[in-house]
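As structure tokens, the structure follows; a few thoughts come after it.
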There are 2 protein chains.
Amino acid sequence: MPEESWKPPLVMVAVDIVILTLRASKLHVLLVERGIEPYLGELALPGGFLNNTEEDVLAAAHRELREEANLHGTRPHLEQLGAYGTPGRDPRGRIISVAYLAIAPSLPEPVAGTDAAGACWEPVAGILSGGMKLAFDHHQILADGVERARAKLEYTSLATAFCGETFTISELQQVYEAVWGVELDLRNFYRKVQGVAGFIAPVSTDRRTTKGRPARLFRAGGRTVLYPPLVRPNPLVADEEEQ
Amino acid sequence: MPEESWKPPLVMVAVDIVILTLRASKLHVLLVERGIEPYLGELALPGGFLNNTEEDVLAAAHRELREEANLHGTRPHLEQLGAYGTPGRDPRGRIISVAYLAIAPSLPEPVAGTDAAGACWEPVAGILSGGMKLAFDHHQILADGVERARAKLEYTSLATAFCGETFTISELQQVYEAVWGVELDLRNFYRKVQGVAGFIAPVSTDRRTTKGRPARLFRAGGRTVLYPPLVRPNPLVADEEEQ
DNA sequence: AGAATAGTGTCTGTTAGACAGTATACA
DNA sequence: TGTATACTGTCTAACAGACACTATTCT
């Protein structure tokens, strides 16, 4: 038990961000090549320490997001994943990292972040299957972030955060298929999506595509909680658990 | 941007725990009366600082759980809710609190925690409706914890964590009704619960109750992820949002 | 037999999944 | 009119919600 003059230990606080987007109909995450030790030269999630004792954690996440990804104008979705504070996760000392999940619309231009030297979009599938190692415990953080995104697609309008201001229904379907890693029936998807009140709202204009019939445009409806939810197909219930 | 000799700021790290249980068929949370400033004498979630620089955050949560609630033998469910790190949330300085959600079976005995002086179980409903103020940002943490529990009842076997080693189906139903704050149809509940493979497993013995036909006993089946999920009734979809 | 609690069975409207055809635009 | 893309309609099996009765124990 703490005595009278006992002082709590001091630790460093960092933020790390799982920035997800769609590129070429595949789920990608933004990674940076580390320019300093430890893990110099290896790939890691973008992030950094709090600037000062007064900086808000969420504000720090927003700042890192701005520095690393060049999201001109767009206000991406940003939510906290949790704190990762196992001793020894960073050889520099006791560091607690607050992880965030960000969802960005797929931008035509490549990364070209102002700050981080080698920033790149990497396909998530290859990393999760163990084909690529990340620094620190970032593999776990990424896995948690992807699982959060998959789950929230079911019962929130998070999918629209992957799209631009306006989008077509098949673009929205590609989001679900890429994040969930499944194929969905086109007709059932149309029916369900348009059946959830307030999920998507029609926009008068049509988008001219290369060929064929132009698709109708939609924007995110006001509703953020989807009811009834869009349930993902049975994941062949093998019993695995968190914690 | 940090320069060469820049050092990250140091902050204090605490853990706070939302310990939920069922008492008299109502959802309760464990609160303690603060014995020191700030918020001296007010009610707060149990918690405290890391013991030392080497203590794991999850281990600290387990330690606080052991100190505050006397859970003889039972291994309660414990999962992280997230980090709460807004500057100014604690007048003593910059403190980041990692919040945890714990679910404990309802014990017949009152609290009598070894450590905290005035620990008591308080009904959650009254607090959430604004009828009771908590110290710090603990009202928000409690609200997040309850919402997490409500959500996880749908698609995980979390409800069994509210029960003892063995339980009857109507006891399980009382968990759902208390946490969700709704009434469920008894017959549909029996059908659904027994339809989810691996959710509950029968135990040969019957429990002698006061009167009437003895109820069959079950224990938690191996499965932690429920498929199909037990969806809670439509919450009259009014559009509210987190973040 | 009555009281008290435990546990089924059925009916119906809705939904999910599977599937094939029609519509619109451009060359 | 051919091609390429966008969209819609139907059928069926399963499920959800509503509802009323039977079963077992003790006194």
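Naming convention: chains lettered A, B, ... in sequence-line order (proteins, then strands); numbering from 1 in each chain. No experiment lies behind these values; they were computed from the predicted model shown.
Separating the OH atom of B:Tyr176 from the P atom of D:dA16 is a distance of 13 Å, rounded to the nearest angstrom. Note: CG (A:Leu184) to C1' (C:dA18) measures 14 Å, nearest angstrom. Across the protein-nucleic acid pair, B:Ile169 atom CD1 and C:dT5 atom P stand 18 Å apart, rounded to whole Å. When rounded to the nearest whole Å, the span between CD of A:Glu171 and P of D:dT5 equals 14 Å. Note: NZ (B:Lys211) to P (C:dG2) measures 16 Å, nearest angstrom. In this entry the distance linking CZ of A:Arg232 with P of C:dA16 reads 16 Å, nearest Å. At whole-Å resolution of the value, CZ in A:Phe218 and C1' in D:dA6 are 11 Å apart.
Between B:Arg213 and C:dG7 there is no side-chain N or O to OP1 or OP2 distance below 4.0 Å.
Side-chain atoms of B:Arg216 lie closest to C:dT8 of the nucleotides C:dA6, C:dT8, D:dA4. Among D:dT25, D:dC19, C:dC19, the nucleotide with an atom closest to any side-chain atom of A:Asp185 is C:dC19.
Side chain of B:Thr156 to backbone of B:Leu153: no donor-acceptor contact under 3.5 angstrom is found.
The stretch residues 128-137 of chain B participates, sequence neighbours left out, in these salt bridge (charged side-chain N to carboxylate O under 4.0 Å, His left out) pairs: B:Arg89-B:Asp137. Judged as a ring-ring contact (aromatic ring centres under 6.0 Å, His included), the pairs with a partner in residues 138-159 of chain A (not counting sequence neighbours) are, in order, A:Phe136-A:His138.
Close placement of the A:Phe189 and A:Tyr176 rings is indicated, their centers lying within 6.0 Å of each other.
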Practice problem: Applying salt bridge (charged side-chain N to carboxylate O under 4.0 Å, His left out), run through B:Lys192 and B:Glu154 and close with a yes or a no. | Solution: CA-CA 12 Å; B:Lys192 281 168 97 166; B:Glu154 295 198 70; over 6 Å; no

Quiz prompt | Worked verdict on A:Leu186 versus A:Gln173 for side-chain contact (heavy atoms from CB on, under 4.5 Å) | solution = CA-CA 8 Å; A:Leu186 182 148; A:Gln173 183 177 350; 4.2 Å; yes

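The stretch residues 186-195 of chain A touches DNA chain D through A:Leu186, A:Arg187, A:Tyr190, A:Gln194, each having a heavy atom under 4.0 angstrom from the strand.
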